[in-house]
Peer 1: 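Dumping the structure here so I can ask a few things about it.
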Amino acid sequence: MQTKGLPEQKLKEELKLRLKGDFTYESGRIIGSMCTSPHPLTRKVYLRFLGTNLGDTGLFPAVAELEKEAIRMLGTLLSNPEATGHILTGGTEANLLALWAAKKLSKKVDCEVIVPASAHCSFDKAADLLGMRIVRAKLNDRFQVDVAEVRKAVSPKTVAVVGIAGTTGLGVVDPIDELSELASEEDLYLHVDAAFGGFVLPFLRDLGFTVPDFDFAVPGVYSITIDPHKMGLAPIPAGGILFRHESLRKMVSWDIPYLSGGETEQATLVGTRSGASAIAVWTVMRHLGREGYRRIVKNCMHLTLKLAKGVQNIKGLSIVIQPTMNVLGLKSDTINIRRVAEKLRLKKWAVSLFPHHIRIVVMPHIKEQHIEQFLEDLNRIVDELRG
Ligand code: 0PR
């Protein structure tokens, strides 16, 4: 840090210059990310309440009440208005809290969690931190977790099973009802990671798509991750954890007696946390309503299907699986998909690369013309590589 401070104008100019090379959502070039441009209204409320702290709820009881209401809205969306939980830093923290609650509930020290092979790396981080062994169960040919494999993996040390509603790589939904049956039989905690799918599946169902039960409507589900900073259009950071019963949330709750607002409790990994996130989630959900999200999801799905069709018309390229939501996998049996991704990146398309496929996520900032430009470039690149 220099001794003398710099004036606002100079810093603004410097920031503009320093950051101008980064990608922006508005350009449509971020086509492999699960985040998007926050809804314009959330920008205003976020800034307005930036200093509020949900780590000291005695000082901000009204913000805490809004967080409860936001959780109630999320719970209602996921078939359980009685669910309790918090707005967190993201899906990583939510998945960590779920496994933490499962471990504490089981009272086991030496324990295991079974996750699908497709599970997000946040489960590896959580298991490592919590001293749990993570067991990855194989997928079936539809890229869902194979429930027979999960059954085989159950041991006396197993405390929890995880199902995913919208996998990171392909947006696939695991058979949550079958996992629930298994978990109930074996008396295991079932957590559903709907970080991405939670803000997509209920609206797809409204639109007439066939959506299997994946939420609290399935009786064995103990907790769900749902991230407003993905398809919820809330600013980063805004993840969400929902527990079926308050008693589960209490598993990860700590009494903090000394704060300036008086005695409080924290059931999040972080202590100090901005109330602006919860306020932004509350605001955007009330502003868009079910109808607003339905419209957004309809458009994303329309463009995803258009892209899927376009890809299938390119010789040498195919889709990994018919998309269930606005996530699409691109693969090739004849050309190296890594080379395709490299060339797309050289053309400034920020795609996401998995071991055997390119992942495209058609978020709300992606418009029709972006899909058309992308398909044009993709066509040209595949042509070149085919030689
Ligand atoms: N669960 C699932 C199913 C996820 O896909 C992710 C992240 C998480 C949990 C963890 O969420 P947080 O990152 O909020 O902790 N999925 C994306 C991914 O890793 C996140 C992402 C976001 C990727 C923005 C790229 C990007 O630009 O692929």
Side-chain angles (χ1 to χ4, degrees), residues 22-38 74 78 85-100 113 115-129 134 136 139 143-145 160 162-174 176 191-201 214-215 223-242 268-270 273 277 280-281 323-329 341 344-345 348-355 357-366:
D22 280 5
F23 281 93
T24 64
Y25 296 112
E26 292 69 26
S27 69
R29 295 274 156 171
I30 303 183
I31 200 166
S33 161
M34 286 186 168
C35 290
T36 191
S37 193
L74 290 170
L78 299 177
H86 293 286
I87 302 300
L88 311 162
T89 50
T92 300
E93 189 184 354
N95 288 338
L96 171 67
L97 287 187
L99 294 197
W100 196 5
V113 53
V115 307
S118 51
H120 186 257
C121 58
S122 49
F123 289 104
D124 297 285
K125 293 183 188 174
D128 194 32
L129 272 168
I134 189 161
R136 285 190 175 255
L139 309 183
F143 301 93
Q144 297 171 306
V145 73
V162 171
I164 310 168
T167 57
T168 304
L170 293 166
V172 165
V173 182
D174 286 324
I176 306 299
H191 174 67
V192 174
D193 181 358
F196 189 79
F199 264 101
V200 181
L201 292 168
F214 71 96
D215 58 15
S223 55
I224 303 180
T225 292
I226 173 169
D227 283 354
H229 72 197
K230 295 189 169 76
M231 282 296 285
L233 272 72
I236 302 167
I241 182 72
L242 264 67
T268 51
L269 186 64
V270 293
R273 62 191 175 103
S277 292
V281 173
T324 2
M325 52 185 80
N326 46 331
V327 181
L328 189 71
L344 281 167
R345 284 173 179 167
K348 291 274 176 225
W349 289 106
V351 294
S352 164
L353 181 63
F354 280 70
H357 73 272
I358 289 172
R359 176 189 74 174
I360 304 297
V361 191
V362 183
M363 292 299 289
H365 61 267
I366 305 284

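One-based numbering, in listed order, for ligands and for the atoms of each. From a predicted model like this one, the values you see are computed outputs, not experimental measurements.
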Peer 1: For atom 27 (O) of ligand 1, find the nearest protein heavy atom and state the residue, atom name and distance (0.1 Å precision).
Peer 2: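 Among all protein heavy atoms, the one nearest atom 27 (O) of ligand 1 is S33 OG, 2.7 Å.
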
Peer 1: Tell me which protein heavy atom sits closest to atom 16 (N) of ligand 1, plus the residue, atom name and distance to 0.1 Å.
Peer 2: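 Of the protein heavy atoms, M34 SD, 3.5 Å lies nearest.
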
Peer 1: Atoms of ligand 1 less than 4.0 Å from A195 heavy atoms?
Peer 2: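 Answer, ordered by atom number: 1 (N), 2 (C), 9 (C).
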
Peer 1: Would H229 count as a contact residue for ligand 1, given that I'm defining contact as a non-hydrogen atom of the residue lying under 4.0 Å from a ligand atom?
Peer 2: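 Right, H229 reaches ligand 1.
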
Peer 1: Which residue supplies the protein heavy atom nearest to atom 5 (O) of ligand 1, what is that atom called, and how far is it?
Peer 2: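 Ranked first by proximity to atom 5 (O) of ligand 1 is T168 OG1, 2.8 Å.
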
Peer 1: Check if C121 has a non-hydrogen atom at a distance under 4.0 Å from any atom of ligand 1.
Peer 2: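 The answer is no, since C121 has no heavy atom less than 4.0 Å from ligand 1.
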
Peer 1: Does ligand 1 have an atom under 4.0 Å from some heavy atom of G239?
Peer 2: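 No, G239 has no heavy atoms under 4.0 Å from ligand 1.
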
Peer 1: Give me the residue, atom name and distance of the protein heavy atom closest to atom 23 (C) of ligand 1.
Peer 2: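 Going by distance alone, atom 23 (C) of ligand 1 is nearest to R359 NH2, 3.9 Å.
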
Peer 1: What is the closest protein heavy atom to atom 11 (O) of ligand 1, and at what distance does it sit?
Peer 2: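 I find the closest protein heavy atom is K230 NZ, 2.9 Å.
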
Peer 1: Pick out which of D227, T225, I87, I226 makes a side chain to side chain contact (heavy atoms under 4.5 Å, CB included) with I241.
Peer 2: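 Single pass found, and it is T225.
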
Peer 1: Are I224 and F214 close enough that some pair of their side-chain heavy atoms sits under 4.5 Å apart?
Peer 2: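 They are not in contact (no side-chain heavy atoms under 4.5 Å apart), so the answer is no.
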
Peer 1: For ligand 1, indicate whether the residue T92 contacts it via side chain, backbone, both or neither (heavy-atom separation under 4.0 Å).
Peer 2: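 Both of them.
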
Peer 1: Can you pull out the closest protein heavy atom to atom 1 (N) of ligand 1? Residue, atom name and distance to 0.1 Å, please.
Peer 2: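 Result for atom 1 (N) of ligand 1: D193 OD2, 2.6 Å.
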
Peer 1: Would you mind running through ligand 1 and noting each atom that sits below 4.0 Å from a heavy atom of G90?
Peer 2: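 Here the atoms of ligand 1 in question are 14 (O), 15 (O).
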
Peer 1: Quick check on contacts: which atoms of ligand 1 are under 4.0 angstrom from a heavy atom of N95?
Peer 2: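 Near N95, the atoms of ligand 1 are 1 (N), 9 (C).
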
Peer 1: Suppose we measure from atom 7 (C) of ligand 1 to each protein heavy atom; which comes out shortest, and what is that distance?
Peer 2: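 The protein heavy atom lying closest is H120 NE2, 3.3 Å.
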
